[in-house]
Enquirer: 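To start, I am sharing the structure in question, which I have written as structure tokens.
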Amino acid sequence: MSIPSMPRSTVRPPLKGSFPLDHDGECTEPMKAYMTCVKKNNGNQRVCRELSRDYLECRMDKDLMLKEPLDALGFKNLNTPPAAASAATGSAGGKTPGSSQSSTS
């Protein structure tokens, strides 16, 4: 009896390629913040998108991965940094858009 041969599969690299591990721990803090957020939210990653973006930005800034536009990585709605985003939504300092204008009586 002969053993049936298995069809050969073609091994393909990941779409984004490989990237170096963070051996020096340059992006450990953003990674830990993201992982803590995911655990606190029972695996709901959507709640932690800003932290995920921060981690990827750290990796790109430290040349641990290729620099790519954030919208190409799935962050189309999160293009502004957290501080700028909170200022834009009015949560920084309790100001709302238009509240800096003086009213005339």
Enquirer: Going by heavy atoms in the side chains, are Phe75 and Ser52 under 4.5 Å from each other?
Expert: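 A side-chain contact under 4.5 Å exists here.
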
Enquirer: For Asp22, give me all partners under side-chain contact (heavy atoms from CB on, under 4.5 Å), at least two apart in sequence or on another chain.
Expert: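 Partners of Asp22 by the side-chain contact (heavy atoms from CB on, under 4.5 Å) criterion, ordered by chain and then number, come out as Glu26, Cys27, Thr28, Arg59, Leu64.
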
Enquirer: Where do Gln45 and Tyr34 come nearest, in terms of heavy atoms and distance?
Expert: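 Smallest heavy-atom distance, with atoms named: CG-OH, 3.7 Å.
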
Enquirer: Under 4.5 Å between any side-chain heavy atoms of Asp24 and Lys62, yes or no?
Expert: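 Answer no - side chains too far apart.
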
Enquirer: Would you check, one step at a time, whether the test side chain to side chain contact (heavy atoms under 4.5 Å, CB included) holds for Leu70 with Glu57?
Expert: CA-CA 8 Å; Leu70 290 173; Glu57 284 181 330; 3.2 Å; yes

Enquirer: Would you mind reporting whether Leu66 and Met60 have side-chain heavy atoms less than 4.5 Å apart?
Expert: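 Met60 vs Leu66: side chains apart.
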
Enquirer: Using atom types as modelled, flag every donor-acceptor pair under 3.5 Å from a side chain in residues 35-43 to any protein atom, sequence neighbours excluded.
Expert:
{"residue": "Thr36", "atom": "OG1", "partner": "Lys32", "partner atom": "O", "Å": "2.8"}
{"residue": "Asn41", "atom": "ND2", "partner": "Cys37", "partner atom": "O", "Å": "2.8"}

Enquirer: Met65 and Leu56: which non-hydrogen atoms are nearest, and at how many Å?
Expert: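 For Met65 and Leu56, the tightest heavy-atom pair comes out as SD-CD2, 3.8 Å.
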
